[in-house]
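It should be emphasised that the depicted structure is a prediction, and the values quoted were computed from it without experimental measurement. Each chain gets a letter, A, B and so on, in the order the sequences are listed, and its residues count up from 1.
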Amino acid sequence: MPYVVERKPLTLSERIYLPQILAGMRVTLRRLFAPNVTMEYPEQRPAIPTGYRGVPTLVKDPHGREKCVSCQLCEFVCPPKAIRITPGSVEDQPDRTHVEKGPQAFDIDMLRCIYCGLCQEVCPEEAIFLQNQYTLSGYTRAELVNDKAKLYELGGTLPDQHFKWDKKKAAAEHGNTH
Amino acid sequence: MATDFSYPDAAAKAANLPKEFDPEKMSLSMGPSHPSTHGVLRIQFELDGEIVTKADPVVGYLHRGDEKIAENMTYNQFVPYTDRLDYLAPLANNMAYAIAVERLAGLEVPARCQAIRVLTAEMARVSAHLMGLGAFGIDVGAWTVFMYCFEEREKLYKLFEELTGARFTTSYSRIGGLTRDVPEGWTQRVDAFCDQFLPILDEILGLLSRNKIFLDRTVDVGVISKADAIAYGLTGPNLRGSGVPNDLRKDRPYSGYEQYEFDVPVGSKGDCYDRYLCRGEEMKQSIRIIRQVVKNFPGGAWHAQDARRIFAPPKDKVLTSMEELINNFMLVTEGPQMPAGEVYFEAENPKGVLGFYIVSKGGGVPYRMKIRSPSFCNLSILPKLCVGNLVSDVVSILGSLDFVMGECDR
């Protein structure tokens with residue numbers, strides 16, 4: 001139901017204003033001894049909740065293998081077109097015989113990235129994650145383009161949720177390829 | 001041959017090249033970067049001493065072409081762009097956009113998804129009104145209010161961060177659902193926020209509502225009559241401040257708003273003070289809605305179940321099933337599949353009515369998208385509202401209209 005917001009005329013003490021100044025001082029005094037709500041950044045840092053969308057990174061699986069298979073879905077979905085992938089062969093990598101492709105180069109332009117998390121959402125290999133880092137600085141534009149080495153350095157290894165390839169390998173050993 | 005430098009746009013011409021200028025009058029340009037214009041709004045004034053005789057708002061300094069961008073990407077890819085319309089309440093924009101596209105698809109989302117959307121939209125309303133209130137306070141010289149508002153807003157942003165992964169640009173909606181479910185214990189924390197917020201809100205409003213200086217600056221300043229408010233297409237608290245009880249959440253409920261009890265505060269005079277009072281009351285009503293949502297929080301699925309061509313399959317399916325993997329690729333590259341047709345949906349956002357008009361020719365990309373932004377329509381009354389006021393009163397009027405240029409220029 002709609003209701004009309006009340007408008008009361010000012011009382012005499014409110015019009016005189018002096019008592020109001022005293023009331024304001026009381027608030028000031030109370031706040032003076034209240035605990036601080038601000039934080040001495042960067043010495044103190046706020047706690048980052050799980051699932052925070054920070055800088056996008058590439059991760060490796062618990063065996064230390066590269067997870068990205070260079071399907072370029074993140075490159076496609078990225079709304080500001082910040083990701084550029086050059087697909088390459090994995091023939092020279094003995095630990096990656098289970099896949100066909102890997103990224104030869106993987107660049108994320110952090111000057112374009114909007115931290116929307118769509119890349120992480122669409123990745124069919126759980127290879128790209130937006131992790132906790134949220135501050136970036138650099139002197140040149142080139143410095144803020146994260147290349148593959150930098151992305152793996154930022155990403156590290158995350159616990160594997162699904163063991164996609166291990167499961168497939170086990171299934172193949174049992175004669176069930178699909 | 002002389003080059004013709006004439007402006008192609010009649011409005012720009014009118015704003016920039018006064019043909020006959022009265023030498024008794026002074027021309028003053030306020031903005032586009034002026035501390036009291038809340039963003040890149042420029043107003044071209046013609047002044048007679050301190051009195052405004054003509055005001056021309058010049059908008060477009062933050063134009064990014066969002067409507068055109070939308071035509072070049074799939075429906076889900078546009079969600080981050082909706083964050084940047086009214087960037088003080090991105091969650092409400094996300095929800096309005098998602099519901100518009102879902103109406104196009106004729107898709108119903110489960111009760112839990114609707115409840116989460118209502119909950120986040122109302123929290124966004126509180127945070128947007130806190131910001132509006134704080135900025136209005138600064139405009140009329142009350143810094144304290146701004147600080148108090150920001151302290152409370154920060155608590156809300158912590159909750160948003162936990163829910164969506166980002167404080168500001170949340171991108172929380174997807175067509176047919178959300179990006180993720182609420183975390184464990186989050187709704188209790190929202191409830192705890194409500195408990196401590198109401199007394200603090202009273203304290204914040206107490207700093208202004210009965211403050212003689214604030215009343216001198218706002219009462220009977222910038223009066224918008226009922227007829228004018230309707231004629232200029234004002235919406236939101238600016239319309240209700242003039243005494244028109246229009247609220248889409250009541251008039252045309254969406255996302256399950258009809259289940260919740262709340263009242264619509266309206267003003268009696270339509271001046272800056274009424275608009276301020278309406279915002280204060282609306283926050284209390286929003287808290288009422290939030291409490292009801294948290295109390296009856298539905299369980300079950302948080303995204304549409306029967307929408308294989310619209311909502312992406314869960315991650316564990318994508319990683320383990322060939323069919324779902326293919327489906328994931330199809331959804332991302334071709335977009336959520338919509339039927340051909342057109343839809344107009346508007347939602348009651350903190351600033352007013354945000355509408356999305358989508359024309360689809362089928363497929364995953366809109367053919368045309370028009371965004372009706374409340375701030376743009378609310379600003380259209382400025383030429384009428386400013387005339388006859390002092391320049392300093394224009395600052396009060398701008399503060400009370402509470403607009404966001406990201407949405408106005410889009």
**Report entry** Side chain proximity check, R7(A) to V219(B), heavy atoms < 4.5 angstrom
**Finding:** yes
Query raised in the report: Which pair of heavy atoms, one from Q20(A) and one from N211(B), lies closest together, and at what distance?
Result: OE1-CA, 3.8 Å
Query raised in the report: Is a salt bridge present between R30(A) and E203(B), judged by a nitrogen-to-oxygen distance below 4.0 Å?
Result: yes
Query raised in the report: With only heavy atoms counted, which part of P2(A) is less than 4.5 Å from chain B, the side chain, the backbone, both or neither?
Result: both
Query - Donor-acceptor side-chain pairing of E281(B) and Y3(A) below 3.5 angstrom - result: yes
Requested in this report: Go through D263(B), N76(B), L277(B), V318(B) and name the one with the most non-hydrogen pairs under 4.5 angstrom from chain A.
Outcome: D263(B)
Report task. Let me know if Y17(A) has heavy atoms under 4.5 Å from chain B in its side chain, its backbone, both or neither. Result -> side chain
Query raised in the report: Quick one: of C116(A), G51(A), G117(A), G54(A), who has the most non-hydrogen atom pairs under 4.5 Å with chain B?
Result: G51(A)
Report summary line: Bottom line for Q120(A): the part with an atom under 4.5 Å from chain B's heavy atoms is backbone
**Report entry** Partner chain A: residue of T170(B), I69(B), V79(B) with the largest heavy-atom pair count (under 4.5 Å)
**Finding:** T170(B)
Query raised in the report: Cation over ring, R31(A) on Y148(B), under 6.0 Å and within 45°?
Result: yes
Requested in this report: Taking all heavy atoms of N328(B) and all of V122(A), pick out the closest pair and write down the distance.
Outcome: ND2-O, 3.1 Å
Query - side chain to side chain contact (heavy atoms under 4.5 Å, CB included) assessment of K315(B) paired with E121(A) - result: CA-CA 8 Å; K315(B) 203 78 169 186; E121(A) 197 176 306; 5.6 Å; no
Query raised in the report: Is chain B contacted by the side chain of C78(A), its backbone, both, or neither, given a heavy-atom distance below 4.5 Å?
Result: backbone
